[in-house]
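Not measured: the values here are computed from a predicted model. Chain letters run A, B, ... following the sequence lines, proteins first, then strands; residues in each count from 1. Atom set for the values below is all heavy atoms of this structure, side chains included, hydrogens, waters and symmetry mates excluded.
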2 protein chains.
Amino acid sequence: MNKTHVLNGTRKTKQREAILKVLKDTNCHPGAHWIYEKVRREIPHISLGTVYRDLKILKEMGKIRELVFTGNMTHFDGITKQHIHFYCQKCNSISDIEEPVNMEIDKSVAAKNGFKVYCHRMDFFGLCRACRS
Amino acid sequence: MNKTHVLNGTRKTKQREAILKVLKDTNCHPGAHWIYEKVRREIPHISLGTVYRDLKILKEMGKIRELVFTGNMTHFDGITKQHIHFYCQKCNSISDIEEPVNMEIDKSVAAKNGFKVYCHRMDFFGLCRACRS
DNA sequence: TTAGATGCAAAGGGTTTGCAACGTC
DNA sequence: GACGTTGCAAACCCTTTGCATCTAA
């Protein structure tokens, strides 16, 4: 997933900066449209297409992460350190979980199966505190 | 996620049987369109809409599983027992991994966070044997 | 007989893209 | 000045849905 070779000429724009800031300042793991609405308060003329393009570039730069839980939409995370998520199947909210990530298991799976393993994801599904009642 | 209450009147149709059989007979974790093409050899007049509808019903019946790796498309799995997958980021192939699934961790996460936890998923990402060379 | 299932085609909805204008380096 | 970036709108593509017809029970 090393795509830095195509990102050498990446420029600094206020749109991209704003998008990154929005993601760093929230912990709600939003989708593109939520980010778009948020950035629009600061840059009213920004377009949704730009948000999608910049999210893709930021992801390739390794500054954000992409999270896919359901087939409906993609979520984004400003925290790039690998961590575990909980997905509420009722309200669709996403929470970070304070559970240690087993980094050694990647090597183990790679060795056992002959794969090149870059990373793994671990996510829990159920009902959040608000929805379980 | 108990939806059996809405599935009481489910009937047995050759389309649904064929879709389930295709999924049971492959280990390639296909998408809806692949299944559609496969079933079409047997039932030429089946429609893609039926495939999507039946996949949804089979999933709700617990006879198949839905796998979401990227935002592009949904994959389906005829094996319902929880297991771990490897996703090749180059050729997009999916492999089953022979790694034990920690079933206790669901309870632990539930207890620590106050969630109701139904299940978790664990997937590895990287390059498969064919693509790593 | 009757309610669920199907085929067909149209609609939905998140995401991508072509292009001319713009902004960064 | 060169080339990456943006806005806008149209296109894409997977998936869902309305409706008349069909069929399992």
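- Between the side chain of A:R53 and the base of C:dG18 there is at least one donor-acceptor pair of N/O atoms closer than 3.5 Å.
- D:dT15 atom C1' lies 14 Å from atom NE2 of B:H75, rounded to whole Å.
- Here C:dT16 presents its P atom at 12 Å from CD1 of A:I57, a figure rounded to the nearest Å.
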### Task
Could you go through the side chain to side chain contact (heavy atoms under 4.5 Å, CB included) check for A:H33 and A:L48 one step at a time?
CA-CA 7 Å; A:H33 200 273; A:L48 188 51; 4.0 Å; yes
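- In the set D:dA24, C:dT15, C:dT6, the nucleotide with an atom closest to the side chain of B:R11 is D:dA24.
- No hydrogens or angles were tested; on distance alone, nothing pairs the side chain of B:R16 with the base of C:dA5 as donor and acceptor under 3.5 Å.
- Residues B:I43 and B:G71 each lie close to DNA chain C; by heavy-atom proximity, the contact nearer the 5' end of the strand is made by B:I43.
- Counting to the nearest Å, the C1' atom of D:dT5 and the NZ atom of A:K12 are 16 Å from each other.
- Here the side chain of A:Q15 is nearest to one of C:dT15, D:dT6, D:dT5, namely D:dT6.
- Per the geometry, CZ belonging to A:R40 stands 11 Å off P belonging to D:dG7, to the nearest Å.
- Proximity of A:T13 to the phosphate of D:dG4: no side-chain N or O atom is located under 4.0 Å from OP1 or OP2.
- In this structure, NE2 of B:H33 is placed 15 Å from P of D:dT16, rounded to the nearest angstrom.
- Environment of NZ in B:K59: crowded, with over 12 heavy atoms of neighbouring residues, nucleotides or ligands closer than 6.0 Å.
- Other residues, nucleotides and ligands place no more than 12 heavy atoms under 6.0 Å from the NZ atom of B:K21.
- Taking atom CD of residue B:E17 and atom P of nucleotide D:dA24, one finds them 11 Å apart after rounding to whole Å.
- Between B:T50 and C:dA5, a side-chain N or O to OP1/OP2 separation shorter than 4.0 Å is absent.
- Using cut-offs of 30° and 60° on the angle between ring planes, the pair B:F124 and A:H120 is tilted.
- Rounded to an integer number of Å, the gap from CD1 of B:I19 to P of D:dT15 is 14 Å.
- Ring geometry, B:F125 versus B:F69: the interplanar angle exceeds 60°, so the pair is classed perpendicular (tilted spans 30 to 60°).
- Heavy atoms of B:H45 sit under 4.0 angstrom from primed sugar atoms or phosphate atoms, though from no base atom.
- Phosphate proximity of C:dT16 to A:Y52: absent, as no side-chain N or O sits under 4.0 Å from OP1 or OP2.
- Rounding to whole angstrom units, CG of residue B:N92 and P of D:dC13 are separated by 15 Å.
- Side-chain nitrogen and oxygen atoms of B:S47 include none within less than 4.0 Å of the OP1 or OP2 phosphate oxygen of C:dA9.
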